[in-house]
Peer 1: 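Let me give you the structure first, and then I'll get to my questions.
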Amino acid sequence: RKTFDKEQSVNLTVNNLFGDTIQIPTNVKFAAGDSVKTITINTKNLILMKSYHVSITVDQEQTKPYITQSLYPRIELNILKEDYAPYAEGTFTSEFFEANWDQTLEFSPSTKIYRFKNLYADNYNYSFKVSATGAITQVPNSAIKTGYVDTKYGMVSLLANSTSNFNSANSTYTFNAKFTVSAGSFGVFAEKYLITKKL
């Protein structure tokens, strides 16, 4: 709250199609002197790897919609119960970015999908499957955003092609990835991940 010398009750409009599976309060009470309040969303019986979308909006009568501000009185939430767990530690080497860094590889037993969290940028993950022969298939099997924004061409996306593979002899994943922007392609680059420690 911008003004917080008095107590206040703030109503929330909740768009939730999942009943008691996701429980969101519809009212927040501020004590005098409190400028920030935390709400708790409770869940029960969530289905594994299913995404639940809800939204929460502060009552318009208790906001100032015509004043320029950095905060918007509505939030969209995607709630997901997942079973990803650390699978290996290693080094990711990017031919495209000409850099390497420490990276944790995660694995979901329920979906058999591997994941790099925040691979090239925060909040942009990279997921893939590996066949019995070592062939890698990106998930989804279409160009995904990397989170890196080129100063001239905008958001850079990538798609690993069918020659991408895992070599068990040297514990290396090779992603032959085509990097693109709206204007076209940068070409195909070898992005590699070397396992240094299996967890």
Side-chain angles (χ1 to χ4, degrees), residues 17-18 21-22 43 45-55 76-199:
L17 302 177
F18 307 104
T21 299
I22 299 175
T43 64
N45 301 323
L46 294 182
I47 299 173
L48 190 65
M49 306 307 282
K50 175 182 176 180
S51 182
Y52 298 81
H53 181 82
V54 298
S55 67
E76 304 282 336
L77 296 175
N78 281 309
I79 300 170
L80 177 68
K81 180 182 179 181
E82 60 182 31
D83 64 344
Y84 281 103
Y87 176 82
E89 298 290 348
T91 302
F92 194 92
T93 302
S94 171
E95 184 179 34
F96 180 77
F97 289 101
E98 298 181 339
N100 60 74
W101 55 89
D102 294 335
Q103 182 76 46
T104 299
L105 177 62
E106 299 176 327
F107 180 68
S108 163
S110 66
T111 62
K112 309 302 181 187
I113 294 176
Y114 295 87
R115 179 176 74 178
F116 294 121
K117 284 195 74 174
N118 309 318
L119 181 58
Y120 297 109
D122 288 345
N123 301 314
Y124 288 85
N125 304 330
Y126 184 81
S127 302
F128 60 97
K129 286 188 172 183
V130 181
S131 73
T133 62
I136 289 175
T137 303
Q138 182 175 301
V139 178
N141 193 18
S142 57
I144 62 166
K145 296 177 180 178
T146 63
Y148 173 73
V149 180
D150 185 85
T151 55
K152 185 175 181 181
Y153 298 109
M155 177 63 73
V156 176
S157 298
L158 75 82
L159 173 61
N161 66 32
S162 59
T163 64
S164 302
N165 67 88
F166 172 63
N167 187 330
S168 58
N170 58 18
S171 301
T172 300
Y173 297 84
T174 301
F175 306 89
N176 294 311
K178 184 178 182 180
F179 286 81
T180 59
V181 289
S182 57
S185 171
F186 289 106
V188 176
F189 295 81
E191 308 291 283
K192 296 187 177 184
Y193 180 72
L194 172 65
I195 292 178
T196 56
K197 181 182 179 182
K198 191 80 173 290
L199 300 176

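No experiment lies behind these values; they were computed from the predicted model shown.
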Peer 1: Let me know which of Tyr87, Phe175, Tyr84 forms a ring-ring contact (aromatic ring centres under 6.0 Å, His included) with Tyr114.
Peer 2: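 Among Tyr87, Phe175, Tyr84, the one meeting ring-ring contact (aromatic ring centres under 6.0 Å, His included) with Tyr114 is Tyr87.
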
Peer 1: Are there more than 12 heavy atoms of other residues, nucleotides or ligands under 6.0 Å from atom CD of Glu98?
Peer 2: no

Peer 1: Would you call Thr91 and Thr196 a side-chain contact if the rule is heavy atoms closer than 4.5 Å?
Peer 2: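 Yes - at least one pair of side-chain heavy atoms lies under 4.5 Å apart.
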
Peer 1: Should Phe116 and Tyr193 count as side-chain neighbours, where that means a heavy-atom distance under 4.5 Å?
Peer 2: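 Yes. Closest side-chain heavy atoms under 4.5 Å.
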
Peer 1: Is there any salt bridge (Lys or Arg N to Asp or Glu O under 4.0 Å) pair reaching into residues 102-117, and which pairs are they, with sequence neighbours excluded?
Peer 2: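 Pairs touching residues 102-117 that pass the test: Glu82-Arg115, Glu106-Arg115.
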
Peer 1: Could you note down all residue pairs passing salt bridge (Lys or Arg N to Asp or Glu O under 4.0 Å) where residues 171-197 supplies at least one of them, sequence neighbours left out?
Peer 2: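 Sorted pair list comes back empty.
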
Peer 1: Please enumerate all residues that pass side-chain contact (heavy atoms from CB on, under 4.5 Å) together with Asn170, with sequence neighbours excluded.
Peer 2: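 Here the qualifying residues are Asn167, Thr172.
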
Peer 1: Which atoms form the tightest heavy-atom contact between Val130 and Ile136, and what is the distance?
Peer 2: CG2-CG1, 4.1 Å

Peer 1: Less than 4.5 Å apart, side chain to side chain, heavy atoms only: is that true for Asn45 and Phe18?
Peer 2: no

Peer 1: How far does OG1 of Thr174 sit from CZ of Phe166, to the nearest 0.5 angstrom?
Peer 2: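 Separation between the atoms: 10.0 Å.
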
Peer 1: By side chain to side chain donor-acceptor pair (under 3.5 Å), which residues pair with Ser55, not counting sequence neighbours?
Peer 2: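 Only Arg74 meet the side chain to side chain donor-acceptor pair (under 3.5 Å) criterion with Ser55.
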
Peer 1: Carefully, step by step, assess Ser164 and Tyr173 under the rule side-chain contact (heavy atoms from CB on, under 4.5 Å).
Peer 2: CA-CA 8 Å; Ser164 302; Tyr173 297 84; over 6 Å; no

Peer 1: Tell me, please, which residues at least two apart from Ile47 pass side-chain contact (heavy atoms from CB on, under 4.5 Å).
Peer 2: Lys50, Tyr52

Peer 1: Rounded to the nearest 0.5 Å, how far does NZ of Lys198 lie from CD of Glu89?
Peer 2: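 Atom-to-atom, Glu89:CD and Lys198:NZ are 13.0 Å apart.
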
Peer 1: Please name all residues satisfying side chain to side chain donor-acceptor pair (under 3.5 Å) with Glu95, sequence neighbours left out, ordered by chain then number.
Peer 2: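 In terms of side chain to side chain donor-acceptor pair (under 3.5 Å), with neighbours along the sequence ignored, Glu95 is linked to no residue.
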
Peer 1: Can you pull out every side-chain hydrogen bond (donor to acceptor under 3.5 Å, both in side chains) where at least one residue sits in residues 139-161? Sequence neighbours excluded, please.
Peer 2: Asn161-Thr163

Peer 1: Is the backbone N or O of Thr180 less than 3.5 Å from a side-chain atom of Ser185, with the two atoms forming a donor-acceptor pair by type?
Peer 2: no

Peer 1: Report yes if some heavy atom in the side chain of Leu199 is under 4.5 Å from a heavy atom in the side chain of Leu105; otherwise report no.
Peer 2: no

Peer 1: Between OH of Tyr120 and CZ of Phe97, what distance do you get to the nearest 0.5 Å?
Peer 2: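 Rounded to the nearest 0.5 Å, the OH-CZ separation comes out at 6.5 Å.
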
Peer 1: Just jot down the side chain to side chain donor-acceptor pair (under 3.5 Å) partners of Ser162, sequence neighbours excluded, or say none.
Peer 2: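 Ser162 satisfies side chain to side chain donor-acceptor pair (under 3.5 Å) with no other residue.
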
Peer 1: Name the atoms and distances for all side-chain donor-acceptor pairs under 3.5 Å in residues 121-128, with sequence neighbours left out.
Peer 2:
{"residue": "Asn125", "atom": "OD1", "partner": "Asn118", "partner atom": "N", "Å": "3.0"}
{"residue": "Tyr126", "atom": "OH", "partner": "Gln138", "partner atom": "OE1", "Å": "2.9"}

Peer 1: Just jot down the side chain to side chain donor-acceptor pair (under 3.5 Å) partners of Ser108, sequence neighbours excluded, or say none.
Peer 2: Asp83, Ser110, Thr111

